[in-house]
Amino acid sequence: MNKTFSKTWQHSEIESELYQKWESAGYFKPEINFDGKPFVIAIPPPNVTGKLHIGHAMFATLEDLMIRYHRLLGDAALWIPGTDHAGIATQTVVDKALQKKGIRKNEIGREKFVQEVWEWKDEYGGKITEQLRALGASCDWNRERFTLDGGLSNAVREAFTHLYNKDLIYRGEYIVNWCPKCGTAIADDEVEHQEQKAKLYYFKYDKNFPITIATTRPETKLGDTAVAVNPGDDRYRELVGKEFDIEIDGVKRKIKIIANRAIDSKFGTGAVGVTPSHSMIDWKMAEDHGLEKIKVIDEHGRMAESVGEYAGMKVLEAREKLVKFLKKEDLLEKVQEIDNNLSVCYRCGGAIEPLPSLQWFVKMKPLAEKAKEAVKSGEIKIIPKRFEKVYFHWLDNIRDWCISRQLWWGHRIPVWYKGEEIHVGKEAPSGEGWKQDEDVLDTWFSSALWPFSTLGWPDEKAADYKKFYPTTVMETGYDILFFWVARMIMMGLELTGEAPFETVYLHGLVRDEQNRKMSKSLGNVLDPLDIIAKYGTDALRIGLVVGSTPGQDIAVGESKIKGFRNFTNKIWNASRFVSLRVTGGDLQSGELGESKIGDLKIDEKLLTDADKKIIEEHKETVKSVTENINKFKFSFAGEKLYEYFWHSFCDRYIEESKEQLEADNLELAANTKKILIKILSETLVMLHPYAPFVTEAVWQELKVFTPELSESIIISRWPE
RNA sequence: GGCCGCUUGGCUCAGUUGGUUAGAGCGCCUCGUUCACAUCGAGGAGGCCACUGGUUCGAGUCCAGUAGCGGCCACCA
């Protein structure tokens, strides 16, 4: 380290240097406290193609804070890093990049395309993990995992086979959310709803039909097989049970009038055309009433073969043509503008077409029951607690999870077919003529295994699995409670027989200074790397933690970060002053003196009132900070430290100590030096999880004249 | 439609199990540079803690209700 203290904390010069020293010294490995109690966090794996954003900075800060704290307590702290292959997202990115080069994936074929994605991954995949290092994340990089690497792929096949053998996975033709743009089925929670104005058309199928129906999607009516009304609706009571032959623009159908309680008699005409193949609710009605299901829209978002001259038309073209026909035939009674929700794909934003398709599903009910119980019994604790209610509600209303995706990038479904035969297993069956399922699994399937697949499961004898599973804390954003957290709990309980973690800590989303969502179009996006360059990692970290409570969104702007940059400088400068005075150095040049601190044993008899007061306050601070971190109150603990360090230690005690240091009583002066160093060094340890870099930089200076201090602050001990 | 959160000084937010004159940061005002830090120090102005009612010796904190804002889930065919 330097022999001199500069006047301000020069973060950019030293942060990466410190990080490299830590990493190469092996301080991030749990082995440095191997006999300690395990404290384990599995990182929420960022998309492999991702670029660091403020959300990553949020989780990395909170998780690193916990990991560093527990490491200081002497626990075997392990933070497992890794990245996610992110099926659709990555495939789309690479596909677009290839298209720019004039390469079409359907021309080069599956094998070549997947190879291209791997090359892309090798080139860009390391970026995000490098960026996590800039945040000070003390992950054990030797244990880094990728959801598509060998071990994890094996875990995926094992899990699939296990669930299939227990009848918890099945294949079937059901209505699914189909994204024509992505060309794949997606899960229920991957569908978003967008409010929009829509036209509600009132019309009859043909002149002979007795009931007027209302719909926003006339073209789907070509696939109707029933009209549903509320059983209590007097207008239609006598028609229920009757069947009519109809013909719409050349398409012939049989329509049965059915009664169903789901129908709101006040909406539209109180009569709904039932389209089993293209509406989730109608599909269910069709099952209940034994209706025929006719598919009129295909996977490309075009009208299917079954609709005569409409076949091959795009959905919107078909709508226009049909409306024109209805007008001409005088069947259209009116058109009303209403507010409607459009279902869109959360990935590409394209409109979702519900349609029947042959897919693989996970049977969720039995898994959900166990997952509910684990939280209800307190085996898993969710912070903040109110999210337990959201969690229960989701599990209570869960539907089977569609896990097959019509993509190329991902875990290929471990199922092989040969004629009528089917083989499900980790390996291809021997013998000729077997063909593997073309589809891959939903990205979240492998994510659901993350806390144990990263530790060696299914090998239950793996050393890491034995030592570090179950993990301790799952820290992530509340926005992926369903996508990820709930599914990890379900899979953990089913596959390992244990809850995968003890505590779920959900952080809020980062918003801008005016509390607006960060978005590129608003131009209010904070780039963590810019902030780090400008104000230092420590300032960013404190800014993200202090003033934020779990589950609550947080407003972060430059002025806040700037305030904490001043705080990191205060840490630097107070330490500079103490070091120079204690060693008899030169306050002007910042050059340290020769005096050393032999030991930190304080002579109680020499304590002045000022000494007693700061020592008392220090004790209280240690107690309060420890308690609050243990209770996951990181913001409150951080504020305490800030207040105590700046206003009690710096503004008051350092000022008071100046007189004592210059006193004629040399013993008093010597004692004061010890108190300064002891309190400063212990406070630095407490600040270290929040501000790892400046505290270490200072520590290295203190160490020069205080041999009692450990080699690095990372491996020192939390004060008692 | 169901559920949840927020509403505290100009702005962004804390406020731990209800307890003395309600806090912080930023902003603002006054003063200060004799040598840790102007990325600083000393001091100050500024709040009927959304509203109404209740419980209590005592409520920002608990209960009921109202209003505004935000979110999640379901969904209107």
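The chains referred to below are lettered A, B, ... by the order of the sequence lines, with proteins before strands, and numbering in each begins at 1. Quick caveat: nothing in here was measured; it's all calculated off a predicted structure.
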Between [options], spot the one nearest the side chain of [X], thanks.
| X | options | result |
| --- | --- | --- |
| A:Ser559 | B:rA14, B:rA36, B:rC26 | B:rC26 |
| A:Arg386 | B:rC73, B:rG5, B:rA36 | B:rG5 |
| A:Ala555 | B:rC75, B:rA77, B:rC13 | B:rC13 |
| A:Ile654 | B:rA77, B:rC37, B:rA36 | B:rA36 |
| A:Glu639 | B:rA14, B:rG25, B:rA36 | B:rA14 |
| A:Asp264 | B:rA77, B:rU16, B:rG25 | B:rA77 |
| A:Asn573 | B:rC37, B:rA77, B:rC35 | B:rC37 |

Measure the distance from [atom1] on [X] to [atom2] on [N] and round it to the nearest whole Å.
| X | N | atom1 | atom2 | result |
| --- | --- | --- | --- | --- |
| A:Leu580 | B:rA36 | CG | C1' | 8 Å |
| A:Tyr644 | B:rA24 | OH | P | 19 Å |
| A:Ile554 | B:rU12 | CD1 | C1' | 9 Å |
| A:His647 | B:rG41 | NE2 | C1' | 11 Å |

Please name the nucleotide paired to [N] by Watson-Crick or G-U wobble geometry with both distances under 3.5 Å, or report none.
| N | result |
| --- | --- |
| B:rC57 | B:rG19 |
| B:rC3 | B:rG71 |
| B:rG27 | none |
| B:rG9 | none |
| B:rU66 | B:rA50 |
| B:rU39 | none |

Is a donor-acceptor contact shorter than 3.5 angstrom present between the side chain of [X] and the base of [N]?
| X | N | result |
| --- | --- | --- |
| A:Lys570 | B:rC37 | yes |
| A:Glu655 | B:rA36 | yes |
| A:His193 | B:rC75 | yes |

Q. Hey, do the aromatic rings of A:Trp9 and A:Phe693 have their centres closer than 6.0 Å?
A.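 No: the rings miss the under 6.0 Å criterion.
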Any base atoms under 4.0 Å from [X], or only sugar-phosphate, or nothing? Heavy atoms, all strands.
| X | value |
| --- | --- |
| A:Gly563 | nothing |
| A:Ile281 | sugar-phosphate |
| A:Arg576 | sugar-phosphate |
| A:Asp651 | sugar-phosphate |
| A:Phe564 | nothing |
| A:Thr549 | sugar-phosphate |

For [N], does either OP1 or OP2 sit under 4.0 Å from a side-chain N or O belonging to [X]?
| X | N | result |
| --- | --- | --- |
| A:Asn566 | B:rC40 | yes |
| A:Asn340 | B:rA77 | yes |
| A:Lys389 | B:rC4 | yes |
| A:Lys658 | B:rA36 | yes |
| A:Lys560 | B:rC26 | no |
| A:Trp394 | B:rC3 | no |

Using atom [atom1] in both nucleotides, what's the gap between [N] and [M] to the nearest angstrom?
| N | M | atom1 | value |
| --- | --- | --- | --- |
| B:rC26 | B:rU33 | C1' | 24 Å |
| B:rA14 | B:rU7 | P | 7 Å |
| B:rG60 | B:rU8 | P | 15 Å |
| B:rC57 | B:rC62 | C1' | 16 Å |
| B:rG27 | B:rA50 | C1' | 24 Å |
| B:rU34 | B:rU30 | C1' | 22 Å |

Q) Does A:Lys673 make a cation-pi contact with A:Phe705 (under 6.0 Å, within 45 degrees of the axis)? A)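 Ring-cation test returns no.
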**Q.** Pi-cation contact, A:Phe392 with A:Lys376 (under 6.0 Å, within 45°)
**A.**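 Positive - A:Lys376 is close enough to the ring of A:Phe392 and near enough to its axis.
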Q. To the nearest 0.5 Å, what is the distance between NZ (A:Lys385) and NZ (A:Lys389)?
A.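 One finds 11.5 Å between NZ of A:Lys385 and NZ of A:Lys389.
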Q.
So, taking the atom named CD in A:Glu475 and the one named CG in A:Leu62, what distance separates them when rounded to the nearest 0.5 Å?
A.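 Going from CD on A:Glu475 over to CG on A:Leu62, the span is 4.5 Å.
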(Q) I want to confirm an ordering. Mapping A:Asp339 and A:Phe482 to their closest nucleotides on RNA chain B, which one lands closer to the 5' end? (A)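 On the 5' side of the pair lies A:Phe482.
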(Q) Return whichever of A:Trp646 or A:Lys7 has its heavy-atom-nearest nucleotide of RNA chain B closer to the 5' end. (A)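 Going by which nucleotide is closer to the 5' end, it is A:Lys7.
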Q: Please determine which of A:Trp444, A:Phe483, A:Phe482 meets the ring pair (Phe, Tyr, Trp, His ring centres under 6.0 Å) test together with A:Tyr346.
A: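 Going through the options one by one, the only one that passes is A:Phe483.
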Q.
Whether A:Lys197 and A:Asp339 form a salt bridge (side-chain N of Lys/Arg under 4.0 Å from carboxylate O of Asp/Glu) is what I want to check.
A.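 A:Lys197 and A:Asp339: salt-bridged.
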Q: Search all heavy atoms of A:Leu322 against all heavy atoms of A:Pro218 and return the closest pair with its distance.
A: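 Heavy-atom minimum between the residues: CD2-O, 3.1 Å.
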